[in-house]
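Take a look at the structure below.
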Amino acid sequence: MKKLAFIFIIALLFLLQANTAGAQCSICTKTASQLGEKQGKGLNGGIIYLMFTPLTIAGFLGYRWWRSEKALKEGEAGENN
């Protein structure tokens, strides 16, 4: 449970830092500079927001895979003894 709380805190900190992160390609940077400062920050925040969901899903699937592999290895080690 402590690991889950730690992961949640890290994810929350990641979201709080979304305003300062630069997540634009060169085309989006040019578009954002033409829109103005406020709209450019909104575009950048939207890019970060859209990027967070697939990364969260991939992280969750990777964690579940790692946990199942760990359980399999512990099961094999128990059978060998």
Holding to side chain to side chain contact (heavy atoms under 4.5 Å, CB included), I want the full list of residues that pass it with Leu55, two or more places apart in sequence or in another chain.
Met51

Set of side chain to side chain contact (heavy atoms under 4.5 Å, CB included) partners for Phe60, sequence neighbours left out
Arg64

Which other residues belong to the hydrophobic cluster containing Leu72, where Ile, Leu, Val, Met, Phe, Trp and Tyr are joined when side-chain heavy atoms lie under 4.5 Å apart, directly or via other members?
none

More than 12 heavy atoms from other groups under 6.0 Å of CD on Glu69:
yes

Set of residues satisfying salt bridge (charged side-chain N to carboxylate O under 4.0 Å, His left out) with respect to Glu74, sequence neighbours excluded:
none

Those residues at least two apart in sequence (or on a different chain) that pass side chain to side chain contact (heavy atoms under 4.5 Å, CB included) with Ile57 are Thr53, Leu61

